[in-house]
Amino acid sequence: MLKVYNTASKSLEEFKPLNQKKIGIYVCGVTVYDFCHIGHGRSAVAFDLIYRYFKYKGYDVTFVKNFTDVDDKIINKANKENVSCEEISNRYIEEYYKDMEKLNIEKPTYEPKATKHINEIIELVKKLIEKGYAYEVDGDVYFSVEKFKNYGKLSHKNIDELKSGARVEVNENKKSPLDFALWKKSKEGEPWWESPWGKGRPGWHIECSAMSMKYLGESFDIHGGGEDLIFPHHENEIAQSEAATEKPFAKYWIHNGFVRINKEKMSKSLGNFFTLRDVLKKYNGETLRYFLLLTHYRSPIDFSFEGLDAAKEALNRFYNFVQRLEETEFFKDGERDENIDKYLDSMIERFELAMDDDFNAPKAVGEVFATIRMFNQYLDSVEKKDKKPFKGYREKFLEDVNKISDVLGVFDASSANWFIPEDIDVEWVKKKIEERTVARKNKDYETADKIRDELAKYGVVLEDSRNYTRWKVKR
RNA sequence: GGCGGCAUAGCCAAGCUGGCUAAGGCACGGGUCUGCAAAACCCUGAUCCCCGGUUCGAGUCCGGGUGCCGCCUCCA
């Protein structure tokens, strides 16, 4: 039974889809005006994990993640560089895809842009005005928060408290400080579209309502995003959408926690961020993804390079084991062992149990490593007793790890991608190792050590075992 | 000021609808292997921020502290 934490109810709920096996997920994506930082990466990984797990569970998932491509920040940047907003947004969408590919993020079903849905947005705003939920003042259109009786139900805020706590309102057009813009009159130098209220552009929240409804229908299963979006963005989305359709909007609200630097939220405005680009120069995408997966998606992650190093070492351990499986000879009539039987049989089950519990990836990962330890112990003992390892164990492990890998997006079933970089001449390395083996047989250790040192310059690490020399390029 | 979250070994991190040995990873230390070395593998460690309560039994529930963080403004 899959349980998900619903921000709206502040509790774990059993996941019950709206329409059997067909589910819809909408996640707020990024505003494309700059490179993505680790926080964006975290959110992407979290929802990618969720998307993949639903598919694993047999759901037919329509996954929508938008690009906000019209916004003050984009306009500012465009004006600063003296180029169009479109050029800015297209540029950073391109960069976004490069980062996402390295993080092994699967492409959502749809990735709509706000600027391509102006008609839908205008229709929605018109409907809200007709229904009396919105009003126009001098080319701007605002949503009247007090008209929507359930306002605050997601973020658990109370309208009166919000009112008393509201900051000094700069916008004189609004009837109430809580009201928010659905449509904004365009100023000089800003992009605009024709509308019943004159030349203008959409407000921030309305695009997500318009696009989610277009691709997923008026009511859908899951809506997600970073926890900073709960208020006001998602609260406003609910108000707009439910006011317009008079139907429940999203059923489950899922929010990921922040990435922090020294206990503080990583954010553009604080300036304490690392871009994905920067980190990916030093660490590969799998390491970063694994690092992000190691903390439950709702908890804060303290970003650190020490943490990335630990993540890298953990993956080394995983791939060392895979390599061991690759290089060990297994036999159909090999030695069986009760303990390893138990662990291998239950690995997938334990994985699912963990994931069913609100996508507990850190726990799921732990189950894999626990199995690896048992398997290593088994192989050690079999070797020591000069017996043969059982072939079925390797097959079972690899088969199940493959399934797990499809969900987690880390843990390849082959060690080569991890240990052997593309730019290394494998044949040359093998030749050198052979030369060294000959030297060692002749007890010419001087030559052997020289070859070892030479290979070490290229990062090649040798592991001498009883019968052969194994090698890798350690990350 | 209002609302909410977190505090587990040297570090990271699961567990928290109470009860099996408090997962897993990193680091340290010990060992196996080895020509040496490295690598690899195995082993080893915490009674869960403090105080009080509920209970046969609490890291897990309740109350009170302390500390840290987030939202209330653009933000994944």
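Chain naming here is simple, since letters A, B, ... match the order of the sequence lines and numbering starts at 1 in each.
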For this session: Under the ring pair (Phe, Tyr, Trp, His ring centres under 6.0 Å) rule, what do A:Y319 and A:F411 come out as? Steps first, then yes or no, please.
Result: CA-CA 8 Å; A:Y319 287 111; A:F411 294 157; 7.3 Å; no
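Look at A:N256 and you won't find any side-chain N or O under 4.0 angstrom from OP1 or OP2 of B:A76. Regarding contacts with the backbone of B:G25, a side-chain N or O of A:R317 is found under 4.0 angstrom from either OP1 or OP2. Residue A:R373 places at least one side-chain N or O closer than 4.0 Å to OP1 or OP2 of B:G25. In this model, the phosphate group of B:A39 is not approached by any side-chain N or O of A:Q323 to a distance below 4.0 Å at OP1 or OP2. Close to B:C3, at under 4.0 Å from its OP1 or OP2, lies no side-chain N or O of A:N158. Contact annotation: A:K265 reaches the phosphate of B:C71 (side-chain N/O to OP1 or OP2, under 4.0 Å). For the pair A:N376 and B:C42, the criterion of a side-chain N or O lying under 4.0 Å from OP1 or OP2 is met. Listed pair A:R452 / B:C36 fails the phosphate criterion, with no side-chain N or O lying under 4.0 Å from OP1 or OP2. Contact annotation: A:R298 side-chain N/O to B:G5 OP1/OP2 distance is not under 4.0 Å.
Atom C1' of B:G57 sits at a distance of 15 Å from the matching atom of B:G53, rounded to the whole Å. Across B:G2 and B:G45, the matching P atoms stand 47 Å from one another, rounded to whole Å.
A straight line from OH of A:Y343 to C1' of B:G24 spans 11 Å, rounded to a whole angstrom. Here B:G25 presents its P atom at 10 Å from CZ of A:F411, a figure rounded to the nearest Å.
The side-chain tip of A:K77 does not point at the ring of A:Y33 from less than 6.0 angstrom away and within 45° of straight on. Cation-pi geometry between A:R201 and A:W183 is not met: the NZ or CZ atom fails to fall both under 6.0 Å from the ring centre and inside 45° of the normal. Seen from the ring of A:F330, A:K388 does not count as a face-on cation partner, given the 6.0 Å and 45° thresholds. With a 6.0 Å cutoff to the six-membered ring centre and a 45° limit on the axis angle, A:K157 counts as a cation-pi contact of A:F231. Relative to the ring axis of A:Y5, A:R298 places its NZ or CZ within 45° and under 6.0 Å from the centre. Taking the ring centre of A:F273 as origin, the terminal cationic atom of A:K268 falls inside the region bounded by 6.0 Å and 45° from the ring axis.
Between A:H223 and A:Y26, the angle of the ring planes lies from 30° to 60°, which puts this pair in the tilted group.
As judged by a 4.0 angstrom heavy-atom cut-off over every strand, A:K268 is placed among residues making no nucleic acid contact. Residue A:L12 is classed as having no contact, given no heavy-atom separation below 4.0 Å to the nucleic acid. Using a 4.0 Å heavy-atom criterion, one finds that A:G307 contacts no nucleic acid atom at all. Among the heavy atoms of the strands lying under 4.0 Å from A:F258 is at least one base atom, whether or not backbone atoms are also near. Heavy atoms of A:R436 sit under 4.0 angstrom from at least one base atom. Within the nucleic acid shown, A:S299 comes within 4.0 Å of sugar-phosphate atoms alone, with no base atom in reach, counting heavy atoms only. Using a 4.0 Å heavy-atom cutoff across all strands shown, A:G29 reaches sugar-phosphate atoms only and no base atom. If you check every strand for non-hydrogen atoms under 4.0 Å, A:H233 touches nothing. Counting any heavy atom pair closer than 4.0 Å across all strands shown, A:L294 reaches sugar-phosphate atoms only and no base atom. Among the protein residues, A:V368 comes within range of no part of the nucleic acid, since none of its heavy atoms lies under 4.0 Å from any strand. Among the heavy atoms of the strands, none lies under 4.0 Å from A:E306. Residue-level contact check: A:D72 touches neither bases nor backbone, having no heavy atom under 4.0 Å from any strand.
There is a side-chain donor-acceptor pair under 3.5 Å between A:D140 and A:Y142. Looking at A:N66 and A:E111, their side chains never bring a donor and an acceptor atom within 3.5 Å of each other.
Nucleotide B:C56 has B:G19 as its partner under the Watson-Crick or G-U criteria, with both atom distances under 3.5 Å. The partner of B:C49, taking Watson-Crick or G-U wobble pairs whose two distances both stay under 3.5 Å, is B:G65. Of the nucleotides present, none pairs with B:G35 by Watson-Crick or G-U wobble criteria with both distances under 3.5 Å. Base-pair partner of B:A13: not found among the strands shown (Watson-Crick or G-U wobble, both distances under 3.5 Å). Across the strands present, B:G70 finds its partner in B:C3; the criterion is a Watson-Crick or G-U wobble pair with both atom distances under 3.5 angstrom. Of all nucleotides present, none satisfies the Watson-Crick or G-U wobble test against B:U44 with each distance under 3.5 Å.
Residues A:K432 and A:I451 come closest through the heavy atom pair O-CG2, 3.5 Å. Scanning both residues, A:R336 and A:Y393, for their nearest heavy atoms gives CA-OH, 3.3 Å.
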Identify each atom pair where a protein N or O and an N or O of nucleotides 16-22 of chain B are less than 3.5 Å apart, giving names and distance.
residue : atom : partner : partner atom : Å
B:U17   : O4   : A:K3    : NZ           : 3.4

Quick one: which protein N/O atoms are closer than 3.5 Å to N/O atoms of nucleotides 29-33 of chain B? Pair and distance per line, please.
none

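In this structure, the nucleotide among B:A76, B:C41, B:A14 sitting nearest to the side chain of A:N360 is B:A14.
Interatomic distance, A:L49 CG to A:R289 CZ, rounded to the nearest 0.5 Å: 7.0 Å.
Contact of A:K73 with B:C74 (side chain to base): a donor-acceptor pair of N or O atoms is detected under 3.5 Å. For A:R324 against B:A40, a side-chain-to-base donor-acceptor contact under 3.5 Å is absent. The base of B:C68 has none of its N or O atoms less than 3.5 Å from a complementary donor or acceptor on the side chain of A:R260.
A residue-by-residue look at A:D228 and A:E313 shows that A:E313 has its nearest nucleotide of RNA chain B further toward the 5' end. Each of A:V461 and A:A448 lies near RNA chain B, and the nucleotide nearest A:A448 is the one positioned closer to the 5' end.
The ring of A:Y445 lies on top of the base of B:G35, close enough and flat enough: under 5.5 Å between centres, under 30° between planes.
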